[in-house]
Amino acid sequence: MTNKPLQLGFSSYIAFDAQGRRQKGFKVLAILSDYLGDLDKLTLLDIGCSTGFMTALYAEHFRDVTGIDIDAPAVSHAAQHNTNVPNLHWLIQDSQCLGFRDAGFDVVICTHIYEHVPDAHRLMAEIHRVLKPGGVCFFSAGNRFSLMEPHYRLPLLSVIPKWLAHRYLALLGRGSHYYETHLSFVGLRKLVASFEVVDYTIRVVQEPVKFHAEDMIEPSSFKQRALLVFLKIFYGLCPTYLWVLKKTEKVD
């Protein structure tokens, strides 16, 4: 495992945006329901649960839900605001070293987490370990080669070398260290190589109402048509990928 330290205290005003977080949660649920069907008999692990708004929403649809995060104040907030939900559990845990038995969950959710952990490959190995055979991980991931870096909203921040990114932040008074490590499309495919990948990226653009994405993509709009053309030609430059990762059973 890398010696890079954990990124503590990441929660911000975004994590306390209840409406926005729940809207994002409905997108995740729509994709999982489309792929898996009924969810009410399944167990779920939500990695990077933060303040818990999305995790609490998942508990309305799954049999049993566990939310984990290394951000203790955020987890405390989640626990304090969801005291009467018997199928919902909160733990402070490092996603690179999960304290769960092998093959313990039907579903894992990992939304825009990989770039924040010191060792993304270890994260994915742990997800693979705790999933049941045939279980799935909902994985949303940002592309390194994006015009606008999503956390600082600075052009090309994730594209340039790390040493230059640190100076970029410092020059603009936005900090002294750029922690996040994004991967390219090729790097992301290598990261999830132990899973079967079911790609929902283009489907969500094609059917925004079905997947609760109409807040971002208006059906039959110019934006929708332009995005579909872009993805067809430049899929490797898509800013965000939406994948369902299936743990396939080993065949001897």
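The number of heavy atoms from other shown groups lying within 6.0 Å of NZ (K162) is above 12. Counting heavy-atom neighbours within 6.0 Å of M148 CE, excluding the residue itself, gives a total above 12.
Using modelled atom types, one side-chain atom of T201 and one backbone atom of L242 make a donor-acceptor pair closer than 3.5 Å. Between the K246 side chain and the G134 main chain, no donor and acceptor come within less than 3.5 Å of each other. Formation of a donor-acceptor pair under 3.5 Å by the H128 side chain with backbone atoms of M124 is not found in this model. Looking only at distances, a side-chain donor or acceptor of N87 sits under 3.5 Å from a matching main-chain atom of F62. Judged by distance alone, with hydrogens and angles left aside, the side-chain atoms of R129 form a donor-acceptor pair with the main-chain N or O of F100 at under 3.5 Å. Here the side chain of R144 pairs a donor or acceptor atom with the backbone of V159 at under 3.5 angstrom. A donor-acceptor contact shorter than 3.5 Å links the side chain of Q93 to the backbone of G99.
Applying the side chain to side chain contact (heavy atoms under 4.5 Å, CB included) test between I113 and each of I47, D69, I127 identifies I47 as the sole match. A side-chain hydrogen bond (donor to acceptor under 3.5 Å, both in side chains) with Y178 is found for exactly one of H166, R167, E149, namely E149. Just one residue in the list W243, F211, F138, F139 forms a ring-ring contact (aromatic ring centres under 6.0 Å, His included) with Y200, and that residue is F211.
Rounded to the nearest 0.5 Å, atoms CZ (F234) and NZ (K232) are 12.5 Å apart.
Aromatic rings of H182 and H116 (six-membered ring for Trp) have centroids beyond the 6.0 Å cut-off, not under it.
L36 and F26 fall within a single hydrophobic cluster, where Ile, Leu, Val, Met, Phe, Trp and Tyr are joined by side-chain heavy atoms under 4.5 Å apart, directly or via other members.
Residues A141 and Y114 share a closest heavy-atom pair of CB-CE2, 3.6 Å.
Under the rule for a salt bridge (charged side-chain N to carboxylate O under 4.0 Å, His left out), the partners of E207 that lie at least two apart in sequence or sit in another chain are R203.
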